[in-house]
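Source: prediction; values computed, not measured. Throughout, residue positions are numbered sequentially from 1 according to the sequence presented.
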Amino acid sequence: QVQLVESGGESVQTGGSLRLSCAASAYSSSTMCMGWFRQAPGKEREGVAIINSNNLDTNYADSVKGRFTISQDNGKATLYLQMKSLKPEDTAMYYCAAGRYLACYTTAWRGGSNFPYWGQGTQVTVSS
């Protein structure tokens, strides 16, 4: 069982920056693909960014490309999401998720169905 704990969410103004962190209880084949997802009130969950822990391949939602950067620490047990130029539409609960290698190589990654492990979420609020 993999446990994920997110932190770093807070309220910021438009144009601000935040860095989210996700601490994983273990690094294994079950956490070979890790990602960030978000869900705003009344909206479906959407994939934000994913990273392959082995080769560091990344993929981003079009809405965050050029503004958000996903990364991992050298020990691979902590996942980060650096967010810049934040917009009100980025307001959401942000979740960290982990899955096996192939989760990073499916066009359906944005739905999150290939990620069996999830954190409790951290709230990001961007005010105009």
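Taking the side chain as every heavy atom from C-beta outward, Thr122 and Tyr95 never approach each other to under 4.5 Å. Between Trp109 and Cys104, the closest side-chain pair of non-hydrogen atoms is not below 4.5 Å. Taking the side chain as every heavy atom from C-beta outward, Val48 and Phe68 approach each other to under 4.5 Å. Ile50 has its side chain out of reach of Thr58: every pair of non-hydrogen atoms, C-beta onward, lies at least 4.5 Å apart. Residues Leu86 and Leu18 meet the side-chain proximity criterion, which asks for heavy atoms closer than 4.5 Å. A 4.5 Å side-chain heavy-atom check between Tyr117 and Gln1 finds at least one atom pair inside the cut-off. In this structure, Leu20 and Val124 have side chains that are in contact, with non-hydrogen atoms separated by less than 4.5 Å. Side-chain contact between Ile51 and Leu56 is present, with at least one heavy-atom pair separated by less than 4.5 Å.
Heavy atoms from other residues, nucleotides or ligands lying under 6.0 Å from CD of Glu44 number 12 at most.
Closest of all the heavy-atom pairs between Gln72 and Leu79 is CG-CD1, 3.6 Å. The minimum heavy-atom distance linking Leu4 with Ala24 is given by the pair CD2-CB, 3.7 Å. Considering every non-hydrogen atom in both Val126 and Thr91, the closest pair reads N-OG1, 2.8 Å. The two atoms that bring Ile70 and Met34 nearest to each other are CD1-O, 4.0 Å, heavy atoms only. Of all heavy-atom pairs between Phe115 and Ala103, the closest is CZ-CB, 3.9 Å. For the pair Arg38 and Tyr94, the tightest heavy-atom approach, listed with the atom from each and the gap, is NH1-OH, 2.9 Å.
Annotation: cation-pi geometry satisfied between Arg19 and Tyr80 (NZ/CZ under 6.0 angstrom from ring centroid, within 45° of ring axis).
A salt bridge links Asp62 and Lys65; the closest N-O separation between the charged side-chain nitrogens and carboxylate oxygens is under 4.0 Å.
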Q) Would Asp90 and Arg67 count as a side chain to side chain contact (heavy atoms under 4.5 Å, CB included) if you check the C-alpha gap in whole Å, the side-chain angles of each, and the deciding distance to 0.1 Å? A) CA-CA 11 Å; Asp90 294 317; Arg67 300 189 298 123; 2.7 Å; yes
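No donor-acceptor pair closer than 3.5 Å links the side chain of Arg100 to the backbone N or O of Cys33. Not one N or O on the side chain of Gln123 forms a donor-acceptor pair closer than 3.5 Å with the backbone of Gly9. At least one donor-acceptor pair under 3.5 Å links the side chain of Ser25 to the backbone N or O of Gln3. Listed for the Ser17 side chain is no donor-acceptor partner under 3.5 Å among the backbone atoms of Lys84. At least one donor-acceptor pair closer than 3.5 Å links the side chain of Thr14 to the backbone N or O of Ser127.
A distance below 6.0 Å separates the ring centres of Phe37 and Trp118.
Between the OG1 atom in Thr125 and the CE atom in Met93 there is a gap of 8.5 Å [rounded to 0.5 Å]. A distance of 14.5 Å separates OH in Tyr101 from OG1 in Thr31, rounded to the nearest 0.5 Å. Considering CE of Met83 and CH2 of Trp36, their distance stands at 8.0 Å, rounded to 0.5 Å.
Between Ser21 and Glu6, the side chains place no donor N or O within less than 3.5 Å of an acceptor N or O (distance only, hydrogens not considered).
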